[in-house]
2 protein chains.
Amino acid sequence: MSETKPYHHGDLREQLLQAGEQALAEMPMAQVSLREIARKAGVSHAAPKHHFPTLGDLMGEIAARGFQRFVAALDEAANSITPQTAENRLLAMGRAYLRFAEVNSAVYTLMFDQRDSCSMTPHLVETSLEAWGQLENAVAALRVSGNASIGAMFVWSTVHGLAMLKSTHRLPPHLTLHAVEENTLRMIVTGIATL
Amino acid sequence: MSETKPYHHGDLREQLLQAGEQALAEMPMAQVSLREIARKAGVSHAAPKHHFPTLGDLMGEIAARGFQRFVAALDEAANSITPQTAENRLLAMGRAYLRFAEVNSAVYTLMFDQRDSCSMTPHLVETSLEAWGQLENAVAALRVSGNASIGAMFVWSTVHGLAMLKSTHRLPPHLTLHAVEENTLRMIVTGIATL
DNA sequence: TGTATTATGTTGTCACTGTCAAGATAAAGA
DNA sequence: TCTTTATCTTGACAGTGACAACATAATACA
């Protein structure tokens, strides 16, 4: 009953989201258009309108789902590490963060897009706030002296910045990625200790 | 003699760059088009072709000039601070970095664009490498134990990330910007000390 | 000087885009 | 069964980047 195909063409909304993510993974962002997504889903160019009024709404929903998967991935990583110290959890989340950004680079870019390709739908706002809350909690668990929000901003800035610089190939070629990442995560932890 | 207006319409190339920067400052990035820039410069829609084969080339040159101004701004800030310690210089550069990204947000976004709006022209590569070298030197001057390049990546990641999160309004509203920035810069310095 | 060459700018066209309006179709409700 | 409503298609419009053909003016060269 939760599987009802309510209307005459099946769940186009879902298909559009999947086609959109697939397009983002396959081709340069500039080529991902509403019409291209409709083409991939096998419907006419105006069909998406009834599910997503504008391209921004579709992208916004893709980003929102990105945040959901993102939070799940970080949660899983934090819970898998042993021993379960606050510091270990934060490190595990950092690694998972960088991995997520790399594996889902187009969606990740969308999630933090500079331009306004995404409409700030309630769902997107909600899921991105969840991600923020998750990080804030992880930092608060460290029980450092200062304001945990400021510490969380520091962590987020660094990891986000590294993810971006990575994806735009701004890493000096003579550095090994692994060394950069591990040292960065370590410096985050020592930096935060002086909050 | 360096002021020769070599061809029959004056230095259109320069005018296009200025019109482009102006457009970036005035309107959302998505609306900045080759034709809009040509319009602003008062020429036909295909006139830019002879100076910039594609829109990406124009944007690339705007980004390259952005990097030039960027390096100059950080240099000026570092040289103005007293006393002239390596740590003070790095802090001053960090503040100047965040200010530049805020004041020139559209150009800054272009300079680190995720999508490939910018063609990677030799000039853009050159100027961006200059910026990297400037930062690497500032970190090396701290004479910390580890690899200075890795330290520079850490600094860049954090400041870049903070600039991005700021410009996409990802700061928790209850935090004051100044506190976030100053604490972040401080944590960068203490983090780097453990490199 | 006068002519040829080259750099520059214009006009016109193409395929493509996002969005809207009007019509067709099929599901749901009376 | 008939009506209503949600969904999808077709067709249109203004806008885009890029290209080709052409016009014009500055330069190079005879």
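Proteins get letters first, then strands, A, B, ... in listed order; numbering begins at 1 in each.
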Fill in: Nearest-angstrom distance from the residue atom CE of A/Met59 to C1' of C/dT19
16 Å
Item to complete: Would you please indicate yes or no on a ring centroid separation below 6.0 angstrom for A/Phe67 and A/Phe100?
Response: no
Worksheet item: Considering only heavy atoms, which members of residues 18-37 of chain A lie under 4.0 Å from some atom of DNA chain C?
Response: A/Ser33, A/Leu34, A/Arg35
Discussion item. I need the CZ-P distance between A/Arg13 and D/dC8, as an integer number of Å.
Written reply: 12 Å
Practice prompt. State whether a side-chain donor-acceptor pair under 3.5 Å links A/Glu130 with A/Gln134.
Written response: no
Fill in: C/dT17 OP1/OP2 closer than 4.0 Å to side-chain N/O of A/Arg39
yes
Discussion item. From CG of A/Asp11 over to C1' of D/dT7, roughly how many Å is that when rounded to an integer?
Written reply: 13 Å
Worksheet item: Is a side-chain donor-acceptor pair under 3.5 Å present for B/Ser33 with B/Arg39?
Response: no
Worksheet entry | Whole angstrom value for the distance that separates C1' of C/dA7 from CG of B/Leu12 | 12 Å
Worksheet item: Which whole-number value in Å describes the distance from B/His45 NE2 to C/dT10 C1'?
Response: 8 Å
Worksheet entry | Closest to the A/Lys49 side chain, choosing from C/dT10, C/dT19, C/dG12 | C/dT19
Fill in: Flag for B/Thr168-A/Gln114: side-chain donor and acceptor within less than 3.5 Å
no
Discussion item. Looking at B/His51, I'd like to know whether one of its side-chain N or O atoms comes within less than 4.0 Å of OP1 or OP2 on C/dG9.
Written reply: yes
Discussion item. So that I know where these two stand, are A/Tyr108 and A/Tyr97 an aromatic pair - ring centroids less than 6.0 Å apart?
Written reply: yes
Discussion item. Closest approach to the side chain of B/Ala46, judged atom by atom: which nucleotide of D/dA18, C/dC20, D/dC19 is it?
Written reply: D/dC19
Fill in: For atom NE2 of B/His50 and atom P of D/dA20, their distance in whole Å
12 Å
Worksheet entry | Any donor-acceptor pair under 3.5 Å from A/Asp75 side chain to A/Val71 backbone | no
Item to complete: Could you tell me the separation between the CG atom of B/Leu16 and the C1' atom of C/dG9, rounded to a whole number of Å?
Response: 11 Å
Response to the item:
Rounding to 0.5 Å, atoms CZ (B/Arg186) and CD (B/Glu181) come to a distance of 14.0 Å
